[in-house]
Amino acid sequence: MLPKQYSSAETEQNWYAHWMRHGYFRSVPDDREPFTVVIPPPNVTGVLHMGHMLNNTIQDILVRKARMEGKNACWVPGTDHASIATEAKVVAMLREKGIRKADITREEFLEHAFAWKDKYGGIILEQLKTLGASCDWDRTRFTMEPKLSAAVVRVFVDLYKKGKLYRAHRMVNWDVEAKTVLSNEEVVYHEEQAQLFHVLYRLEGSETEGIVIATQRPETIFADVAVAVNPSDERYAHLVGKRVRIPLIDRPVPVIADDYVDQAFGTGALKITPAHDQNDYAIGQRFGLEVIDVLNEDGTLNEHAVLPELIGKDRFVARKMMKGLLDASGTLVKLEDYRTNIGRSERTNTVVEPRLSLQWFVDMNTLAKQALDAVEGGEVKFYPDHYRNMYRHWMSNIRDWCVSRQLWWGQRIPAWYYGEHVFVEETAEVALESARKATGNPALQISDLRQEEDVVDTWFSSWLWPISVFDGFENEKEVAYYYPTSVLVTGWDIIFFWVARMIMAGYEWRGERPFEHVYFTGMVRDQYRRKMSKSLGNSPDSMELLHKYGADGVRFGLLSSSPAGGDLVFDAPFDKATKQIINESALCEQGRNFCNKLWNALRLVKGWTVSEDLPVPAANLYAVRWFEESLERRIAEQHELFAEYRLSEALKSLYTFIWDDFCSWYLEMVKPDYEQPIDAATYAATLRFFERSMQLLHPFMPFVTEEIWHRLRERREGDDCIVSRYPAAADFDKAFLYQGDIAKDLVAKVREARNNHQLKPRDPLMLVAKDSPSARSFFAIEGLRETIQKLAFLEKLEISDAEPQGTSFVAGTEKYFLAFEKAVDAEAEKEKLLKELEHARSFVASVQAKLSNEKFVGSAPAAVADNERKKLSDGQARLAILEEMLNKY
RNA sequence: GGGUGGUUAGCUCAGCUGGUUUAGAGCACCUGCCUUACAAGCAGGGGGUCAUAGGUUCGAAUCCUAUACUACCCACCA
């Protein structure tokens with residue numbers, strides 16, 4: 001005998017190993033239709049968190065369904081080298097060992113980094129296996145492996161030669177901790193508390209007169225080259241053209257007039273610091289002003305700060321000191337608290353400094369055009385659709401992409417310098433050739449050239465992912481078959497970082513979309529609606545969740561309340577320090593319980609003995625037909641829901657179907673009496689139904705369904721649920737199912753009556769249906785009467801005009817008497833009837849009003865009007881019965 | 001400043017192109033059950049003027065307009 005409770009632990013391990021052994025996840029090109037998904041590559045040194053589990057569960061569902069539908073399903077796994085994040089981790093690890101990055105060579109650093117990657121890399125992929133992800137592991141890729149790096153280099157050179165990639169001096173976002181430039185997308189803005197310093201710049205030759213400017217970064221005054229006012233500002237008109245002195249150092253700067261200055265903000269006067277502010281730089285350009293940079297690359301002040309006590313101090317330390325210094329010099333007029341948006345580095349969370357520097361940029365305008373049209377024209381479809389708006393807005397206001405990074409962990413930019421010359425080529429040898437030609441000097445050696453030190457942005461390799469994982473830059477063999485991919489599943493937070501750029505790359509290098517559909521998942525949030533993140537420590541341990549509820553339970557929990565694009569509030573109270581889950585997570589618990597329900601349905605069915613010569617009872621004839629139709633309806637529904645990516649709806653529908661329709665209704669209908677055998681035909685049908693239900697559920701909960709699949713019958717080698725044929729949609733009998741709903745309602749009414757009158761659920765009672773043509777035709781449905789008798793524990797069910805003692809009620813449009821000896825509470829009965837009557841009256845009235853409206857009858861579709869007429873006649877029938885019943889009181 | 005979602009039961013959400021018995025589910029709650037698959041269970045029950053105000057329509061939770069609240073995206077802020 002099977003144990004009473006389902007245990008997920010070994011089951012899941014065993015089946016995963018079984019699937020791997022049979023190579024079910026492996027895909028090679030053949031003549032079937034491909035179904036391709038590339039994983040959003042997680043950071044190579046990352047660990048599985050809630051977002052990954054949601055995202056990869058969804059991909060697995062889509063891939064498993066496609067596989068069962070006979071498509072050549074290929075899900076490519078892999079990891080991203082995540083340059084800044086990983087480099088930061090390696091730097092920190094080295095620091096702990098007492099090694100400073102500055103003291104070792106690039107080669108030594110990379111050695112350490114690869115050692116780190118080999119140690120921690122791929123943990124997350126192993127964790128995905130626990131979740132049940134059916135990736136083709138033989139295809140596992142890494143964005144920094146040789147082939148993928150070669151693709152990056154090739155693409156870089158290609159863009160450069162097409163004139164779409166250039167090197168320029170620009171104001172960029174500088175991360176002083178990672179000591180690298182960041183793209184605009186890598187800077188996150190949040191409102192923070194800051195102070196506005198009102199500082200007096202004295203007029204040259206005067207100790208009292210001057211201009212007060214407002215700044216939140218007083219340490220940058222040493223880089224000032226002017227003070228600007230609005231040309232129409234009368235307060236300062238007399239000063240324009242004169243010179244004022246920078247406090248503390250007395251360096252004179254001109255007062256200039258420019259429209260950019262807002263008279264209403266602060267004091268109406270603006271200090272101009274071209275090296276440390278985007279707008280100041282622009283003004284500086286207009287006026288031909290000098291650029292003075294007061295910051296070192298690590299955020300400390302350099303010698304331009306002049307004062308010895310400030311030089312070498314961090315910008316925030318210096319800012320604090322400036323308060324005292326300015327105050328002492330009598331130039332600090334006012335300190336004002338205010339809130340402002342501060343930009344921080346997405347990776348290091350340090351405050352980003354605008355900085356002027358020489359970097360490599362991709363010209364986005366030409367790339368964006370086609371990528372925008374693709375989404376606007378529906379060639380690439382977004383689910384949900386409204387992310388198109390976000391995408392359109394970004395794409396039409398796109399700025400050039402800064403792709404160079406001052407890091408070592410990444411693909412080194414393939415540019416070689418020789419004096420003023422730059423040669424962008426795939427290899428040093430080719431660069432040397434170009435250099436010899438360009439300089440006319442055949443004696444040049446590679447050692448004369450100096451390769452660019454910078455690497456490219458991580459996303460410069462990820463945007464090629466759908467092509468590069470199939471070696472699409474080297475040969476056509478695989479890419480021609482698998483590309484474009486079918487669907488991309490990712491979070492909406494990387495729509496600009498990644499999705500948009502992949503679309504650009506797709507058109508640029510393959511001339512077509514990289515994927516047909518994009519399914520955006522929501523963010524997983526905690527009970528306070530905060531995004532779950534490592535820095536907040538508000539995420540439960542994924543592996544513990546998987547262990548506690550089983551992968552099937554967790555998959556159910558994550559998915560059951562996660563519509564596309566909608567955020568998921570995942571409420572699992574846990575201990576922050578240990579990440580141990582304290583209370584049950586309602587969602588996963590429900591999933592685990594569902595597994596147990598399936599398991600027990602299996603126990604029931606497998607506990608039956610089958611009799612070959614037993615005739616099929618009438619009730620079973622009805623049950624089998626009813627369930628057959630119900631199943632067809634659900635199959636059709638699954639197909640529709642999948643087509644619209646309404647996966648959480650699809651799962652909920654299966655849950656209800658299996659728990660209620662299959663277990664609570666169907667199995668109870670056919671269940672033989674204690675220790676009695678079941679007839680062979682019904683048994684065979686039951687196994688078939690169970691099996692098909694497992695197939696429908698398999699994409700969502702692969703392990704428990706595979707387990708049950710095998711326990712239902714003896715299977716040949718290779719007859720596994722994962723590769724079984726997904727049920728195709730067929731017609732079903734709506735009218736018959738409607739009758740079934742009425743039958744269920746009747747059973748529920750009998751149970752309710754028993755409850756209300758304190759009758760035992762299994763007391764054998766008699767039910768009388770009032771004689772009428774409609775009652776006769778209802779009970780003429782084969783096996784219906786026997787089914788109702790069985791489910792409602794009725795000793796007798798007759799159609800007659802007898803009115804036995806007991807209670808009466810309405811079900812459908814018929815009147816019923818449930819006979820019993822006990823006295824009934826007449827007042828309570830009457831009150832209940834009055835309530836029902838009231839409801840029926842207002843219902844009939846509203847339908848009547850509708851039908852007596854000529855405009856409705858004239859303009860509504862025939863089917864709608866007919867339905868209203870049916871509602872009216874049914875309602876009237878019920879009303880009449882209720883009125884008659886009330887007459888008794 | 002520009003834009004996008006959301007507002008339906010105590011909580012989390014379905015309700016897709018307006019009509020399917022004057023709103024559904026899960027969890028929570030109440031009542032009764034250790035009934036022979038399952039107490040990780042079974043049978044029942046209560047609970048919503050669909051944010052507000054207008055409008056379109058024969059008919060609105062559903063479409064339109066405005067307002068409020070809420071979440072988020074982009075840009076900018078000396």
Side-chain angles (χ1 to χ4, degrees), chain A residues 2 4-6 189 196-197 213-217 228 260-262 265-273 277-280 338 340-341 384 386-387 389-390 392-394 397 492-493 495-496 523 527 529 560-563 565-569 571 584 586-587 589-590 592-607 640-641 644 646 648-649 652-653 655-656 663-664 667-668 671 673-675 738 748 751-756 758 760-762 839-840 842-847 849-851 853-861 863-865 867-868 870-872 874-875 878:
Chain A
L2 300 170
K4 276 175 104 166
Q5 287 192 353
Y6 172 68
Y189 290 91
L196 203 53
F197 290 66
I213 57 91
T215 179
Q216 41 158 324
R217 296 191 299 163
Y260 170 75
V261 182
D262 177 0
F265 190 92
T267 62
L270 172 64
K271 75 189 198 64
I272 300 300
T273 321
D277 185 279
Q278 186 92 276
N279 295 305
D280 290 11
Y338 90 129
T340 185
N341 266 346
H386 71 253
Y387 284 105
N389 296 318
M390 213 162 118
R392 183 193 312 121
H393 184 260
W394 189 73
N397 295 284
W492 54 259
D493 54 335
I495 185 169
F496 305 136
M523 300 294 112
Q527 61 264 52
R529 301 207 151 257
S560 63
S561 90
S562 172
D567 288 355
L568 163 64
V569 177
D571 190 1
E584 299 296 331
L587 294 168
E589 196 188 12
Q590 203 186 340
R592 184 198 59 182
N593 294 355
F594 188 30
C595 291
N596 202 47
K597 186 71 181 179
L598 299 172
W599 181 252
N600 277 290
L602 174 77
R603 286 181 70 214
L604 175 67
V605 171
K606 294 312 282 180
E640 285 166 24
L641 291 172
E644 297 167 46
R646 298 176 61 195
S648 111
E649 290 291 294
K652 276 195 260 187
S653 160
Y655 177 80
T656 307
C663 295
S664 298
L667 289 179
E668 292 299 332
K671 188 159 117 183
D673 286 342
Y674 187 53
E675 292 197 326
Y738 180 66
R751 288 169 175 167
E752 189 186 347
R754 285 181 191 266
N755 245 352
N756 289 341
Q758 282 91 46
K760 290 244 167 61
R762 297 189 170 202
H839 188 267
S842 56
F843 173 71
V844 167
S846 84
V847 181
K850 212 182 255 190
L851 280 168
N853 184 329
E854 281 173 29
K855 282 190 181 165
F856 168 72
V857 182
S859 53
V864 172
N867 187 53
E868 291 299 314
K870 169 114 171 66
K871 272 157 76 172
L872 181 64
D874 286 2
R878 276 202 311 278

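Just so it is clear, the model here is predicted, and its values are computed rather than measured. Residue numbering restarts at 1 for every chain, and letters A, B, ... go by the order of the sequence lines.
Rounded to the nearest Å, the gap between the C1' atom of B/G19 and that of B/C29 is 34 Å. On the P atoms, B/A25 is 16 Å away from B/A14, given to the nearest whole Å. Taking atom C1' in both B/A66 and B/A9, one finds a spacing of 28 Å when rounded to whole Å. On the P atoms, B/G6 is 25 Å away from B/G48, given to the nearest whole Å. Across the C1' atoms, B/U56 and B/G10 are found 36 Å apart, a figure rounded to whole Å. With C1' as the reference atom, B/U52 and B/U12 are 24 Å apart, rounded to whole Å. Taking atom C1' on both nucleotides, B/C73 is separated from B/U67 by 23 Å, rounded to a whole Å. Rounded to whole Å, the separation between the P atoms of B/U35 and B/C13 comes to 38 Å.
In the set B/A40, B/A37, B/U21, the nucleotide with an atom closest to the side chain of A/Phe843 is B/U21. Residue A/Asn279 places its side chain closer to B/C76 than to any other of B/C76, B/A37, B/G19. Listed nucleotides: B/A14, B/C58, B/U21. Nearest to the side chain of A/Lys871: B/U21. Here B/C72 is the nucleotide among B/U35, B/U4, B/C72 with the atom lying nearest to any side-chain atom of A/Trp492. Comparing atom distances between the A/Tyr655 side chain and each of B/G26, B/C13, B/A40 picks out B/G26 as nearest. Distances from the side chain of A/Ala748 to the nucleotides B/A40, B/G44, B/G41 place B/G44 closest. For A/Lys870, the side-chain atoms get nearest to B/U21 when compared with the rest of B/G5, B/U21, B/G19. The side chain of A/Lys850 sits closest to B/G19 out of B/G19, B/C77, B/C13. If you check B/A43, B/C58, B/G5 against the side chain of A/Asn755, the one that comes closest is B/A43. With B/A37, B/U36, B/C16 as the choices, the nucleotide that has an atom nearest any side-chain atom of A/Tyr674 turns out to be B/U36.
For a distance-only test at 3.5 Å, the side chain of A/Lys4 fails to qualify as a donor-acceptor partner of the base of B/C38. The base of B/A37 does not come close enough to the side chain of A/Gln5 for any donor and acceptor atom to sit less than 3.5 Å apart.
Along RNA chain B, the nucleotide nearest to A/Ala228 and the one nearest to A/Met390 differ in position, and the one closer to the 5' end is contacted by A/Met390.
A/Asn397 contributes a side-chain N or O that, together with a main-chain N or O of A/His393, makes up a donor-acceptor pair within less than 3.5 Å. Proximity of a side-chain donor or acceptor of A/Asn600 to a complementary backbone N or O of A/Asn596 within less than 3.5 Å is detected.
By the neighbour-count criterion of 12 heavy atoms within 6.0 Å, atom NZ of A/Lys606 is densely surrounded, having more than that number from other residues, nucleotides or ligands.
Between A/Tyr655 and A/Phe594, the ring planes lie perpendicular to each other; the angle is over 60°, past the 30° to 60° tilted range.
Across all strands, A/Asp874 comes closer than 4.0 Å to base atoms (heavy-atom distances). Residue A/Gln216 is classed as a sugar-phosphate contact, given heavy-atom separations below 4.0 Å to backbone atoms only.
Residue A/Arg646 places at least one side-chain N or O under 4.0 Å from the OP1 or OP2 atom of B/G15. For B/A75, neither phosphate oxygen OP1 nor OP2 lies less than 4.0 angstrom from any side-chain nitrogen or oxygen of A/Asn397. Close to B/A37, at under 4.0 Å from its OP1 or OP2, lies a side-chain N or O of A/Lys671. Distances shown here put a side-chain N or O of A/Ser664 below 4.0 Å from the OP1 or OP2 atom of B/A43. Residue A/Arg751 places at least one side-chain N or O closer than 4.0 Å to OP1 or OP2 of B/G44.
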Legend entry - Evaluation steps, side chain to side chain contact (heavy atoms under 4.5 Å, CB included), between A/Tyr6 and A/Leu598: CA-CA 9 Å; A/Tyr6 172 68; A/Leu598 299 172; over 6 Å; no
